[in-house]
Structures are given as C-alpha cells and as structure tokens.
Amino acid sequence: MNSDEFIAKLSERLNIEDTDAATEMVASVSDILKDNLQNEKKISLEGFGVFGVNKEKECVVVNSSTQQRILVPPALSVSFEVSSRLAKKMNLI
C-alpha cells in the first residue's frame with residue numbers, strides 16, 4: 001500500500017470526502033513521529049507497537065586489504081517492536 005492508497009482508505013474509513021483533510025492528518029502524524037524520534041523519545045501505539053531510537057556507539061574498523069583503521073562515528077537508528085496483539089493477529093506468535 002502506498003501513501004495515496006493509505007489516504008484513500010483513511011478517508012473512506014473516517015467518512016471524509018475531502019482527501020486533503022486526510023492527507024493533512026497523515027502528514028501531521030508523520031511530523032509528530034519524526035519530532036519525537038529526533039528527540040530520542042519512544043512512541044507507543046497501543047495494539048500496534050513501539051517505535052524507538054537505538055544509539056550505536058562509535059567503533060574502529062579495519063580495511064582488510066589496506067589494514068587502514070577507520071573510525072565509524074556514533075549513529076542513531078529507528079527500531080520498531082510489534083505489539084503482542086498485532087503479532088497474534090498476524091500469526092507471528
């Protein structure tokens with residue numbers, strides 16, 4: 001499902017004839033998720049799952065062909081843990 005299909009389905013489910021309103025809702029939710037993740041806050045959506053931020057430490061790697069050591073800077077990555085309710089519905093558990 002792409003964004004347009006998602007917005008159409010959301011409009012249909014909420015009985016919204018103006019797809020611009022549904023588009024604005026999706027954009028707002030996306031902005032809220034981004035803002036909280038950038039501030040390294042967890043986002044828990046009941047029955048869906050938890051979005052979080054993982055901190056990866058800096059490390060030194062070695063190029064095997066040149067033996068040159070390279071420092072890889074610390075990084076942040078986004079994680080998602082599916083809720084047990086959703087996992088059961090999808091027969092993942």
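Here the structure is a predicted model, which means the values were calculated and not measured. Quick note: residue numbers are just sequence positions, from 1.
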Handout entry: Test log, rule side-chain contact (heavy atoms from CB on, under 4.5 Å), inputs Val61 and Arg69
Key = CA-CA 6 Å; Val61 296; Arg69 297 169 55 108; over 6 Å; no
Practice task
Evaluate side-chain contact (heavy atoms from CB on, under 4.5 Å) for Val72 paired with Glu58, printing each intermediate quantity in order.
Solution key: CA-CA 5 Å; Val72 177; Glu58 70 181 7; over 6 Å; no
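- The hydrophobic cluster containing Met1 also includes Phe6, Ile7, Leu10, Leu14, Ile16, Met25, Val26, under a criterion of side-chain heavy atoms closer than 4.5 Å among ILVMFWY residues, counted directly or through chains of members.
- Cluster membership check: Val50 does not share its hydrophobic cluster with Val82, using side-chain heavy-atom separations under 4.5 Å among Ile, Leu, Val, Met, Phe, Trp and Tyr.
- For Glu40 (side chain) and Leu37 (main-chain N/O), no donor-acceptor pair under 3.5 Å exists by modelled atom type.
- The CG atom of Asp18 lies 10.5 Å from the CD atom of Glu24; values are rounded to the nearest 0.5 Å.
- By the side chain to side chain donor-acceptor pair (under 3.5 Å) test, Glu56 pairs with Ser77, sequence neighbours left out.
- Other cluster members for Val60: Leu71, joined by side-chain heavy-atom distances under 4.5 Å among Ile, Leu, Val, Met, Phe, Trp and Tyr.
- Of the possible polar contacts, one joining the Glu5 side chain to the Asn2 backbone as a donor-acceptor pair under 3.5 Å is found.
- Taking CE of Met90 as the start and CZ of Arg85 as the end, the distance is 15.0 Å to the nearest 0.5 Å.
- The NZ atom of Lys42 lies 9.0 Å from the OG atom of Ser44; values are rounded to the nearest 0.5 Å.
- Using a 4.5 Å cut-off between side-chain heavy atoms of Ile, Leu, Val, Met, Phe, Trp and Tyr, with links allowed through other members, Ile32 and Leu76 fall into different hydrophobic clusters.
- Using a 4.5 Å cut-off on side-chain heavy atoms (C-beta onward), Phe51 and Asn36 make no contact.
- Residues Ile43 and Leu33 form a side-chain contact, since some pair of their non-hydrogen atoms from C-beta on lies under 4.5 Å apart.
- Checking side-chain atoms of Asn63 against main-chain N and O of Ser65 turns up a donor-acceptor pair under 3.5 Å.
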